[in-house]
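Presented below is the structure to which this report refers.
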Number of protein chains: 2
Amino acid sequence: MSSSIASFGKHASTAEEEAYLHIQRALRLGRYKPGERLIPEDIASEIGMSRMPVREAFRRLASDGLVVLRPNRGCIVAGLTVDELYEIFEMRSVLEGLAVRLAMPRIDEDELEELDRLLERMERAGKSGSSDWVVRHQEFHGRICALSQRPKLTHQIATLHAVIEPYMRIWFDYVEKPLSAREEHAAVIAALRSGDAHKAEQVMQYHILGTAPLLAEFATPSR
Amino acid sequence: MSSSIASFGKHASTAEEEAYLHIQRALRLGRYKPGERLIPEDIASEIGMSRMPVREAFRRLASDGLVVLRPNRGCIVAGLTVDELYEIFEMRSVLEGLAVRLAMPRIDEDELEELDRLLERMERAGKSGSSDWVVRHQEFHGRICALSQRPKLTHQIATLHAVIEPYMRIWFDYVEKPLSAREEHAAVIAALRSGDAHKAEQVMQYHILGTAPLLAEFATPSR
DNA sequence: GATTGGATCAGTGGATACAAAAAGCCAGAG
DNA sequence: CTCTGGCTTTTTGTATCCACTGATCCAATC
């Protein structure tokens, strides 16, 4: 089983679930533009079901923050303003900081090696220039979440990752490869290796907050 | 307009919204027991609509963590295990810590007096023995969230408050009034008055994490 | 030429209808 | 008395249908 933070690999047991996963994937891959309208009819026939399960999927996607639902106006793809993007990263910084702090007790030499491997894979994906890097990056962060053994925290973080994923992809495509990323992720591992939970939390917070400004230029300017 | 963290006072523009608010209120007031099944048919006729909007409301409530939806098995009221309750409080501690830290720049003498007033109202509500205290308490925390000027953060915190609200109510009914609460809330205000954002964040974290064990006995034991 | 008013139409919200799944029930076997 | 297997009932999941809202477009007016 993958340690990805993503829920890409699941298969649906109901039509609603299928619609949810289908639309979520499309949104995360950036197939729809922010502000674009999602017409239930179209999506329904695309997947081969009626509008109803699609409408229900919209509710969940709206709760996740991936779309916006306005009464009698339908469903539009959520776009983040710069302010909103920063806000997400502020939330990520404290939540993932918490996750890494709580992960500390489960850290042993095996885990550290696993994280090293994930870092290495992320590095290779980055060199290949493909946006796999985004997936590998989520895998790395997801692994640490998983170690925290906090299901709700992990879910919350995964949801935030889904929201910023399109921006991560655009960013990656533009700037080739995040330069500071390797050192910062290595620093997280180093902090975990040192056994200092508080230090690890701070390093994670620093890493995440440092990433925000790099992505900000791809968000829509704040009003 | 109330500064309550709650969304009690809203009125619905669609049937789905009405169903959502109706069920949410009932859950927060503890009218349904954890594990209890919510039958769409019943709720629909109770509010005077068909099952459909109720089903959609269920999706949102499930995203909020207030109910659990299992395919072909319907909707049951979510109950928190002790572990889950602690997890919520861990998340609250860092999120509300963040909120109070970010609120600092908006703090002036007027705001401090407003917070003092809210503390006073909470105190009075506590003496009257009514579970109004819970609402006042949310008002206090909600005010600080609002000052952070972070809509998504505020919404997230409000959602967590909704999930723990039934436990807060039970707790209050049992132990009369939280003894340490007044001093801890006063300490938060004092930290805000001092202008030390980092201190305020720590005091808030301490306050929230300290509350968790008091509520834990009302959650279902972890497996 | 810009603005407004209304006709038209696409799309949404909600109700009803129907099929499929799960839960309850009962009788018979062990 | 308990367990099992199949029938019945209840409830869920999905599709279809209808009324109404909001958007669009065109023409008449200023």
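The analysis underlying the following values was restricted to heavy atoms, covering all of them including side chains, and did not include hydrogens, waters or symmetry mates. Treat the numbers as computed from the prediction; the structure is a model and nothing was measured. Below, chains carry the letters A, B, ... as their sequence lines are ordered, and counting in each starts from 1.
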key: B:Ile39 CD1 - D:dT9 P separation (whole Å)   = 19 Å

Stretch residues 57-67 of chain A: residues that reach within less than 4.0 Å of DNA chain D through a heavy atom = none

request  = Using a strict cut-off of less than 4.0 Å between a Lys/Arg side-chain nitrogen and an Asp/Glu carboxylate oxygen, indicate whether A:Glu123 and A:Arg136 qualify as a salt bridge.
outcome  = no

inquiry  = Using a 3.5 Å distance criterion without hydrogens, assess whether the side chain of B:Thr14 forms a donor-acceptor pair with backbone atoms of B:Glu17.
reply    = yes

query = Should the pair B:Arg59-A:Glu16 be classified as a salt bridge under the 4.0 Å nitrogen-to-oxygen rule?
reply = yes

request  = Check for a donor-acceptor pair, side chain of B:Thr81 on one end and backbone N or O of B:Glu84 on the other, with a separation under 3.5 Å.
outcome  = yes

ask   = Does the separation of the ring centres of A:Phe218 and A:Tyr174 fall below 6.0 angstrom?
value = yes

task = Without swapping roles, check the side chain of B:Asp108 against the backbone of B:Asp110 for a donor-acceptor pair under 3.5 Å.
result = yes

task = Without swapping roles, check the side chain of A:Ser222 against the backbone of A:Asp83 for a donor-acceptor pair under 3.5 Å.
result = yes

Under 4.0 angstrom between B:Arg37 side-chain N/O and D:dT12 OP1 or OP2 = yes

query = Would you call A:Arg150-B:Glu90 a salt bridge at under 4.0 Å N-O?
reply = yes

ask   = Can you pull the side-chain hydrogen bond (donor to acceptor under 3.5 Å, both in side chains) pairs that have at least one residue in residues 39-48 of chain B, sequence neighbours excluded?
value = B:His22-B:Glu46

ask   = With the threshold set at 4.0 Å, does a side-chain nitrogen-carboxylate oxygen contact exist between B:Glu56 and B:Arg60?
value = no

query = Do the charged groups of A:Glu165 and A:Arg169 touch, with an N to O distance under 4.0 Å?
reply = yes

Which pairs of donor and acceptor atoms, one on a side chain in residues 29-36 of chain A, lie under 3.5 Å apart (sequence neighbours left out)?
unit_1	atom_1	unit_2	atom_2	d
A:Glu36	OE1	A:Lys33	N	2.9

ask   = From the 5' end of DNA chain C to its 3' end, which nucleotides mark the outer limits of contact with chain A, defined by a 4.0 Å heavy-atom distance cut-off (strictly under)?
value = C:dG11 to C:dA15

query = Does any residue of residues 41-50 of chain B have a heavy atom under 4.0 Å from DNA chain C, and if so, which ones, in number order?
reply = B:Met49, B:Ser50

key: Salt-bridge contact A:Glu87-B:Lys152 (side-chain N to carboxylate O under 4.0 Å)   = no

ask   = When every nucleotide of nucleotides 17-22 of chain D is labelled 5' to 3' by its protein contacts under 4.0 Å (heavy atoms), B for base, S for sugar-phosphate only, - for none, what sequence of letters results?
value = B---SS

